[in-house]
Amino acid sequence: MSAADTPQASQKSPRGKSARAPNRRRDSHPRGELARRRLLAGALLVVLVTAGVVLLIAGGNSSERALARRFVDAWQRGDYRAMYALVSDSTRQGVPLGSFRKTYRDAANTATLIRHGIVAGRPGRLSGHAITVDVRASTRIFGVVSGRVRLAFVGSDSHTRIAWSPEMAFPGLTQGQPLTRTTRLPPRAAILARDGTALASGPLRGSPLGASALPAVGMLGKPPAKRLRALRAAGYPAGARVGETGIEGALEARLAGRPGGELLAGQRVLASSRPQAAPPLRTTIDPRVQRAAVVAIGSRLGGVVALNPRNGQVLAVAGIGTSERQPPGSTFKMVTLTGVLEARLATPRTKFPVQTEAKIEGVSLQNANGESCGGTLAESFAQSCNSVFAPLGVKLGAKRLVEVAQRFGFNRAPGLPGAATSTVPPKIPDALAVGSSAIGQYQVDATALQMAVVAATIANAGQRPTPTFSLQGSPQLARATDPRTARTVRELMVGVVRHGTGTPAAIGGIVVAGKTGTAELTSTNPNSKNSTKPDPMNTDAWFAAFAPARKPRIAMAIVLVKAGAGKQTAAPAARSVLVAGLRARH
């Protein structure tokens with residue numbers, strides 16, 4: 001048979017294309033062609049069926065993957081309520097939202113998780129009704145902890161939910177494994193004065209300054225219950241001692257260093273780290289001023305705080321200077337005077353009658369020891385005349401008096417952790433209460449720290465500094481009054497020391513600005529139901545001051561409890577602290 005007679009024979013057309021044999025019918029196919037077409041059809045069916053299976057798997061997987069993605073996205077945001085909405089009905093029946101949230105928060109605290117420290121990858125493939133997700137947790141003391149979280153699913157395609165279990169609260173856990181830790185603190189950092197002198201070092205927190213350093217350094221002790229959660233989240237072990245007062249309390253996180261230990265899933269170690277001690281901490285305390293402050297109080301109950309008025313750096317703390325509030329007496333007249341000048345109710349030259357008392361709502365408010373005083377506003381301030389300032393407080397009004405006091409720092413946290421907040425009633429009920437408040441009585445209470453801040457604010461041209469023990473960072477200042485008003489108050493405070501009640505605080509060659517205070521602890525008003533016989537020792541003695549008046553380097557306040565009058569006891573004691581501050585370098 002020739003080639004043209006074979007079934008596969010073909011001829012080339014002029015264009016080079018194959019041409020069928022002209023004697024072959026187009027619908028007649030040999031067995032091979034039919035087999036080939038059947039094979040192609042079968043293959044196509046297999047492809048279509050396979051594609052259908054892939055689509056079914058993808059469709060079944062997509063809902064679970066989307067659910068897993070929503071769950072871990074909410075976890076990364078810390079939105080436990082959104083996570084809880086995605087768990088199964090049976091989970092919600094057995095685990096209330098509060099318990100669900102607590103499980104995650106407890107895990108976060110145990111691991112010292114940084115806020116929003118959970119980073120989850122893309123959900124993996126569906127395997128046996130579960131998907132695994134790679135999760136990284138950034139912690140404070142263990143670094144980055146990586147592991148997988150297995151999310152199981154229940155329900156139909158239209159109502160798929162997560163079958164939640166506690167091991168989903170942290171990466172790397174498996175069923176039945178609790179997340180625990182063992183941690184320990186490094187040796188506590190030494191506290192140094194600004195010149196490098198040790199204020200507290202070693203396990204016993206000793207100092208070359210001896211007992212005089214203790215009021216500034218503060219105490220270590222058992223943390224209160226309200227701080228336990230935060231301390232646990234920071235990695236503190238149970239039973240750790242922490243700073244309660246003073247620098248120990250104010251700079252606790254800096255002094256404690258970084259804890260170390262092991263993070264455990266059951267008995268398996270997920271991560272570990274070594275404790276890292278912090279370097280010694282230099283503070284703002286000046287040893288010379290600190291010694292003088294402690295000596296100024298002596299064996300008496302009282303407090304002293306000294307500041308650098310330009311930046312609020314604390315130079316010294318002694319006694320109850322930051323912790324106890326007392327009625328500030330006439331030192332509060334610095335605040336009242338500021339309000340009177342701002343409201344233009346008087347000028348330094350405005351004259352007032354000379355008298356022994358002022359009557360407000362029929363009640364007599366007497367001058368100290370029933371003395372007669374008055375004259376100009378400047379003279380009345382220098383002699384601390386209640387008979388002038390109580391009525392001026394009434395004219396100023398309760399609302400404005402409180403507002404001025406709050407600008408000076410009353411009714412707000414003072415900025416030193418552990419320090420008491422000084423207060424003035426937000427609403428003063430009547431004229432008599434307003435008049436009493438204007439002279440630092442009624443329900444006005446202040447620490448020596450607060451009155452030192454008032455003095456520092458006047459010294460700093462009306463800008464209130466936030467007290468700090470830290471040498472680092474920029475000073476935090478807030479405008480309490482305008483510079484012109486502050487200058488006027490300053491000049492009247494200079495008059496107090498030059499020829500008024502504050503003369504015992506005068507320093508040769510240095511212009512000192514100050515204000516005395518003698519605060520009654522029980523009423524000595526003969527018209528009061530609670531009146532008692534006048535007792536000169538039934539009063540707190542106060543003095544607040546700064547020096548030099550024009551370019552101040554130190555501002556301070558002292559209170560001596562049940563120690564008589566400010567002029568006789570507080571002003572002389574304050575003088576030694578001022579002298580020490582002027583000799584110190586800061």
Side-chain angles (χ1 to χ4, degrees), residues 60-61 63-155 159-183 229 232-235 237-238 261-273:
N61 198 4
S63 61
E64 284 84 356
R65 285 172 60 84
L67 186 62
R69 183 75 267 175
R70 289 168 60 193
F71 188 84
V72 297
D73 283 349
W75 190 7
Q76 291 176 134
R77 298 193 307 271
D79 189 349
Y80 301 124
R81 184 177 293 275
M83 296 167 66
Y84 189 72
L86 303 176
V87 304
S88 66
D89 294 339
S90 60
T91 296
R92 287 197 290 269
Q93 289 174 3
V95 182
L97 174 60
S99 299
F100 179 86
R101 183 187 290 116
K102 185 177 184 299
T103 299
Y104 280 89
R105 288 180 174 173
D106 286 350
N109 288 343
T110 299
T112 68
L113 186 71
I114 296 170
R115 181 175 173 82
H116 300 312
I118 292 293
V119 177
R122 296 176 62 86
R125 293 185 177 183
L126 182 68
S127 175
H129 300 291
I131 285 176
T132 57
V133 181
D134 290 323
V135 177
R136 290 185 295 113
S138 297
T139 70
R140 290 180 179 85
I141 70 173
F142 300 110
V144 176
V145 182
S146 299
R148 289 183 174 179
V149 174
R150 183 176 181 274
L151 303 179
F153 304 98
V154 294
H159 192 69
T160 302
R161 287 291 183 266
I162 292 173
W164 184 83
S165 53
E167 63 267 16
M168 296 180 187
F170 198 80
L173 296 179
T174 58
Q175 188 173 11
Q177 286 185 331
L179 184 69
T180 60
R181 77 179 190 208
T182 59
T183 55
R229 176 178 287 273
R232 178 170 174 76
E262 294 181 334
L263 185 65
L264 304 169
Q267 300 298 317
R268 180 165 48 91
V269 177
L270 294 179
S272 63
S273 64

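Computed over heavy atoms, backbone and side chain alike; hydrogens, waters and symmetry mates excluded.
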Visitor: Measure across Val144 and Ser138 and return the closest heavy-atom pair with its distance rounded to 0.1 Å.
Guide: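 That closest heavy-atom pairing would be CG2-OG, 4.0 Å.
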Visitor: State, with a plain yes or no, whether a side-chain heavy atom of Met168 is found less than 4.5 Å away from one of Val133.
Guide: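 A side-chain contact is absent here, since even the closest heavy-atom pair is not under 4.5 Å.
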Visitor: Look at the side chain of Thr112 and the backbone N and O of Arg140, then say whether any donor-acceptor pair between them is shorter than 3.5 Å.
Guide: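 Yes; at least one donor-acceptor contact below 3.5 Å.
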Visitor: Are side-chain heavy atoms of Phe71 and Val87 found at a separation under 4.5 Å?
Guide: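 Yes, close enough: below the 4.5 Å cut-off.
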Visitor: If you look only at distance, which donor and acceptor atoms sit under 3.5 Å apart when one is on a side chain in residues 265-273 and the other is two or more places apart or in another chain?
Guide:
from   : atom 1 : to     : atom 2 : distance (Å)
Arg268 : NH2    : Gly172 : O      : 2.7
Arg268 : NH2    : Gln177 : OE1    : 2.9
Ser273 : OG     : Ile141 : O      : 2.6

Visitor: Report, as yes or no, whether the 6.0 Å neighbourhood of atom CZ on Arg136 holds more than 12 heavy atoms from other residues, nucleotides or ligands.
Guide: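 At most 12 heavy atoms, drawn from other residues, nucleotides or ligands, come within 6.0 Å of this atom.
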Visitor: Quick one: does Thr110's side chain get under 4.5 Å of Arg232's, heavy atoms only?
Guide: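 The answer is yes, as the side chains (C-beta and beyond) meet within the 4.5 Å cut-off.
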Visitor: Can you name the nearest heavy-atom pair linking Ala107 to Leu179, along with the distance?
Guide: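 Here Ala107 and Leu179 meet closest at O-CD2, 3.7 Å.
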Visitor: Can you tell me which residue pairs pass the salt bridge (charged side-chain N to carboxylate O under 4.0 Å, His left out) test with a partner in residues 167-180, sequence neighbours excluded?
Guide: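 As it turns out, there is no salt bridge (charged side-chain N to carboxylate O under 4.0 Å, His left out) pair with a partner in residues 167-180 once direct neighbours are skipped.
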Visitor: Answer whether the closest heavy-atom distance between the side chains of Arg65 and Arg122 falls below 4.5 Å.
Guide: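 Yes - at least one pair of side-chain heavy atoms lies under 4.5 Å apart.
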Visitor: If we check ring pair (Phe, Tyr, Trp, His ring centres under 6.0 Å) with Trp75, which of these qualifies: Tyr80, Phe100, Tyr104?
Guide: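 Only one option passes, and that is Tyr104.
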Visitor: If you count heavy atoms of other groups shown closer than 6.0 angstrom to CZ of Arg92, is the number above 12?
Guide: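 Yes, enclosed.
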Visitor: Roughly how far, to the nearest 0.5 Å, is OG1 of Thr174 from CZ of Arg148?
Guide: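 With rounding to 0.5 Å, CZ (Arg148) is 14.0 Å from OG1 (Thr174).
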Visitor: Step by step, work out the side chain to side chain contact (heavy atoms under 4.5 Å, CB included) result for Met83 and Arg101.
Guide: CA-CA 9 Å; Met83 296 167 66; Arg101 183 187 290 116; over 6 Å; no
Visitor: Look up atom OG1 in Thr182 and atom CG in Leu264, then write down how far apart they are to the nearest 0.5 Å.
Guide: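 Those atoms lie 5.5 Å apart.
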Visitor: Find the distance between CD (Gln93) and OG1 (Thr91) and round it off to the nearest 0.5 Å.
Guide: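 Going from the CD atom of Gln93 to the OG1 atom of Thr91 covers 9.0 Å.
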Visitor: Can you list the steps and then say if Asp89 with Arg161 is a side chain to side chain contact (heavy atoms under 4.5 Å, CB included)?
Guide: CA-CA 8 Å; Asp89 294 339; Arg161 287 291 183 266; 5.5 Å; no
Visitor: Grab the two heavy atoms, one from Arg181 and one from Asn109, that are nearest each other, plus how far apart they are.
Guide: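 Closest approach of Arg181 to Asn109, heavy atoms only: NH1-O, 2.9 Å.
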Visitor: Within a radius of less than 6.0 Å around CZ of Arg69, do more than 12 heavy atoms belonging to other residues, nucleotides or ligands occur?
Guide: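 Counting neighbours around CZ of Arg69, more than 12 heavy atoms of other residues, nucleotides or ligands fall under 6.0 Å, so yes.
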Visitor: What are the two closest non-hydrogen atoms of Pro171 and Ala137, and how far apart are they?
Guide: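 Where Pro171 meets Ala137 most closely, the heavy atoms are CG-CB, 4.2 Å.
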Visitor: How long is the gap from CD1 on Ile131 to CG on Leu151, to the nearest 0.5 Å?
Guide: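 CG of Leu151 is found 7.5 Å from CD1 of Ile131.
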Visitor: Please give me the minimum heavy-atom distance between Ser88 and Val154, naming the atom from each residue.
Guide: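 So the two residues come closest at CB-CG2, 3.7 Å.
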Visitor: For a 4.5 angstrom cut-off between non-hydrogen side-chain atoms, does Leu263 reach Phe170?
Guide: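 A side-chain contact exists here, since the closest heavy-atom pair is under 4.5 Å.
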Visitor: So, for Thr103 and Ala169, which heavy atoms are closest and what is the spacing to 0.1 Å?
Guide: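 The pair with the smallest heavy-atom distance is CG2-CB, 3.9 Å.
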Visitor: Please name all residues satisfying side-chain hydrogen bond (donor to acceptor under 3.5 Å, both in side chains) with Arg229, sequence neighbours left out, ordered by chain then number.
Guide: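 side-chain hydrogen bond (donor to acceptor under 3.5 Å, both in side chains) list for Arg229, sorted by chain: empty.
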Visitor: Please report the interatomic distance CZ(Arg105) to CG(Leu113), rounded to the nearest 0.5 Å.
Guide: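 Arg105 CZ to Leu113 CG: 12.5 Å, rounded to 0.5 Å.
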